[in-house]
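First up is the structure itself, then whatever we jot down about it.
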Amino acid sequence: EADFAMYKAKESGRNQIHFYNPDMQRLFLERVQIENDLLTAINAGQIEVHYQLQVHEDGTIRGAEALARWRHPTKGFISPDQFIGIAEDSGQIQELGSWIFIKACSDLKDQIQPYVDPEFVMAINVSSLQIFEKEFTDTIQQQIETTGVNPSQVKIEITESAIIDGPEDIHEKMLTLKALGVRFSLDDFGTGYSSLTSLKNLPIDELKIDRSFVHDVLLDRNSSAIAKSVIVLAQSLGLEVVAEGIETNSQMTALKDMGCHAFQGYLFSKPLPLDDFLSIIKNTR
Ligand code: C2E
Ligand code: MG
Ligand code: MG
Ligand code: MG
């Protein structure tokens with residue numbers, strides 16, 4: 001992440017912003033432009049939600065993860081790793097997050113459900129800033145009602161930062177949504193600093209093994225040791241565990257041998273636009 005450090009020029013006596021160098025100025029201006037473009041991106045139809053399959057070890061469909069995409073008219077594809085962070089910094093994450101949540105729920109209800117089991121679960125990433133909002137539970141509850149989706153088919157993916165940095169009422173918020181049937185998954189597990197205590201206290205249903213460990217599972221003893229520990233931890237706490245970023249059969253076999261039975265990754269499918277996703281699930285049926 002670039003450092004957008006600025007300083008106010010003392011010598012000029014005005015609140016003029018100076019940049020340390022032209023590179024920094026260019027990065028800053030580009031970011032301001034992206035932030036500005038994001039204001040109109042939703043209404044301009046530039047934000048899309050793509051779906052990536054999750055499968056059981058026998059290849060049957062378990063569910064999908066909803067992943068946001070931004071087709072910028074001039075800059076081309078902007079990665080969610082980039083624009084989600086910008087939306088968080090600029091205060092646009094509530095609106096963007098709501099739009100994505102509603103889109104994923106209504107796609108499930110209206111388009112996907114006819115072709116899948118009632119056990120199919122849609123995993124939706126939610127920023128910690130959304131969870132920290134006072135209205136978070138009301139908003140989610142309302143969006144579930146409006147879209148008519150079955151709450152038990154919705155899984156909210158949160159990251160460890162949500163539970164470490166968050167105010168204490170996150171526990172209560174999660175319980176409220178859990179009472180509706182909503183599930184929770186802890187994304188990128190192993191990369192953050194959440195204590196084992198928070199796992200004990202929070203109503204989490206699933207741990208998601210970060211794809212960095214999956215990538216190195218056959219290459220690096222430490223990565224495979226961490227993957228194995230996450231699986232054992234999930235088993236002892238009675239949680240589900242899913243491995244993300246599976247690209248090869250041998251990665252899947254290694255994780256299967258360690259006791260992981262749910263998978264997501266390019267080996268099965270990339271994140272796909274709704275129509276392509278629908279063709280896959282229609283053909284698998
Ligand atoms: P994530 O939630 O951990 O999502 C998994 C990422 O791994 C996705 O990147 C996905 O495309 C990628 N991936 C899946 N399978 C493979 C594989 O086999 N190999 C490789 N190399 N990569 C794989 P993506 O779509 O670029 O999203 C990046 C991150 O942006 C997500 O990580 C998530 O943290 C965030 N994000 C995406 N959509 C949303 C959203 O709607 N809301 C929020 N708050 N965050 C989102
Ligand atoms: Mg995720
Ligand atoms: Mg992840
Ligand atoms: Mg990630």
Side-chain angles (χ1 to χ4, degrees), residues 1 38 41-42 46-55 62-71 76-105 107-108 121-133 136 139-140 143 154-162 183-192 194 204-218 226-227 230 240-252 255 262-274 276-277:
E1 182 89 346
L38 195 52
I42 295 178
Q46 294 161 13
I47 305 290
E48 299 170 17
V49 181
H50 288 198
Y51 299 100
Q52 185 176 31
L53 273 185
Q54 287 187 2
V55 299
R62 174 185 198 248
E65 178 174 10
L67 292 157
R69 299 286 178 261
W70 183 8
R71 312 254 159 232
F77 171 75
I78 299 177
S79 153
D81 276 327
Q82 212 185 335
F83 73 81
I84 296 291
I86 293 177
E88 287 175 338
D89 292 346
S90 65
Q92 295 170 278
I93 191 64
Q94 318 296 349
E95 191 194 341
L96 181 64
S98 279
W99 187 86
I100 293 166
F101 192 87
I102 292 169
K103 176 78 171 114
C105 288
D107 280 352
L108 172 58
V121 173
M122 180 66 77
I124 307 171
N125 295 282
V126 164
S127 157
S128 47
L129 293 186
Q130 289 173 263
I131 304 179
F132 298 165
E133 273 287 291
F136 176 69
T139 305
I140 296 287
Q143 288 167 348
V154 175
K155 183 181 277 170
I156 294 180
E157 290 198 6
I158 62 174
T159 54
E160 290 173 288
S161 64
R183 298 153 200 241
F184 287 93
S185 177
L186 204 43
D187 204 355
D188 304 342
F189 192 73
T191 57
S194 61
I204 288 162
D205 301 276
E206 176 187 273
L207 302 182
K208 202 162 186 188
I209 305 172
D210 188 68
R211 73 170 194 261
S212 59
F213 305 120
V214 172
H215 182 265
D216 291 346
V217 74
L218 295 157
I226 292 171
V230 175
E240 292 179 66
V241 61
V242 55
E244 70 178 358
I246 302 279
E247 293 181 357
T248 66
N249 268 307
S250 36
Q251 287 169 344
M252 177 170 75
L255 286 150
F263 308 97
Q264 177 183 342
Y266 295 170
L267 180 63
F268 314 101
S269 101
K270 292 208 163 181
L272 298 170
L274 179 65
D276 297 343
F277 183 77

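For reference, positions follow the sequence shown, starting with 1. Order of appearance sets the numbers: ligands from 1, and atoms from 1 within every ligand.
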Review point. With a 4.0 Å cut-off, would you call E244 and R211 a salt bridge?
Key: no
Check your understanding: Does the shortest distance from the Mg ion (ligand 2) to an N/O/S atom of E65 fall below 2.8 Å?
Key -> yes
Practice item. Counting heavy atoms only, name the option from E244, Q264, Q52 that's nearest to atom 15 (N) of ligand 1. Key: Q52
Review point. Is there a donor-acceptor contact under 3.5 Å linking the side chains of E65 and Q54?
Key: no
Check your understanding: Hey, does G97 sit under 4.0 Å from ligand 1 if you only count heavy atoms?
Key -> no
Review point. Is there a donor-acceptor pair under 3.5 Å between the side chain of S79 and the backbone N or O of D81?
Key: yes
Study note, to complete from the structure: Checking heavy atoms under 4.0 Å, the part of H215 that sits near ligand 1 is neither
Exercise for review: Could you tell me which atoms of ligand 1, counted from 1 in the order shown, lie closer than 4.0 angstrom to a heavy atom of P271?
Suggested key: 11 (O)
Review point. Quick one: which ligand 1 atoms are inside 4.0 Å of a heavy atom on S127?
Key: 44 (N)
Practice item. Name whichever N, O or S atom of E157 ends up nearest to the Mg ion (ligand 2). Key: OE1
Exercise for review: Taking the Mg ion (ligand 3) as the reference point, name the nearest N/O/S atom of D188.
Suggested key: OD1
Practice item. For D205 and F184, indicate whether the former's side chain and the latter's backbone hold a donor-acceptor pair under 3.5 Å. Key: yes
Point to revise | Sub-3.5 Å N/O-N/O distance, E247 and ligand 1 | key: yes
Point to revise | N/O/S atom of N125 inside 2.8 Å of the Mg ion (ligand 2), strictly under | key: yes
Review point. Where does L267 meet ligand 1, judged by heavy-atom distances below 4.0 Å: at the side chain, the backbone, both, or neither?
Key: neither
Exercise for review: Tell me which part of A68 gets within contact of ligand 1: side chain, backbone, both or neither, using heavy atoms under 4.0 Å.
Suggested key: both
Exercise for review: Determine whether more than 12 heavy atoms belonging to other residues, nucleotides or ligands lie under 6.0 Å from atom NE2 of H50.
Suggested key: yes
Point to revise | For the Mg ion (ligand 3), the closest N/O/S atom belonging to D187 | key: OD1
Exercise for review: List every atom of ligand 1 that sits less than 4.0 Å from any heavy atom of R69, numbering the atoms from 1 in the order shown and giving each element.
Suggested key: 11 (O), 24 (P), 25 (O)
Practice item. Could you verify whether a donor N or O on one side chain and an acceptor N or O on the other, from Q52 and Q264, lie under 3.5 Å apart? Key: yes
Check your understanding: Taking only heavy atoms of D81, which atoms of ligand 1 are found under 4.0 Å from at least one of them?
Key -> 28 (C), 29 (C), 30 (O)
Review point. Is any N, O or S atom of D210 under 2.8 Å away from the Mg ion (ligand 3)?
Key: no
Check your understanding: Under 4.0 angstrom from ligand 1, any heavy atom of K208?
Key -> no
Review point. Is the shortest distance from a Lys or Arg side-chain nitrogen in E48 or R71 to a carboxylate oxygen in the other one below 4.0 Å?
Key: yes
Check your understanding: Cut-off 3.5 Å, side chains only: do E88 and S127 have a donor facing an acceptor?
Key -> yes
Check your understanding: Are the charged groups of E240 and R62 less than 4.0 angstrom apart, N to O?
Key -> yes
Point to revise | Residues Q143 and S98: side-chain donor-acceptor under 3.5 angstrom | key: yes
Review point. N/O to N/O below 3.5 Å, does that happen between Q130 and ligand 1?
Key: no
Review point. Counting only heavy atoms not in E247, do more than 12 fall under 6.0 Å of its CD?
Key: yes
Review point. Which of the numbered atoms in ligand 1 are below 4.0 angstrom from a heavy atom of G265?
Key: 15 (N), 18 (O)
Point to revise | Heavy-atom nearest neighbour of atom 43 (C) of ligand 1 within options N125, I100, T191 | key: N125
Point to revise | Atom indices of ligand 1, in the order listed, that fall short of 4.0 Å to a heavy atom of D187 | key: 1 (P), 2 (O), 3 (O)
Review point. Is ligand 1 under 4.0 Å from a heavy atom in the side chain of I124, in the backbone, in both, or in neither?
Key: neither
Practice item. Show which atoms of ligand 1 fall inside a sub-4.0 Å distance from at least one heavy-atom site of I246. Key: 18 (O)
Review point. Does some side-chain heavy atom of Y51 sit less than 4.5 Å from a side-chain heavy atom of D276?
Key: no
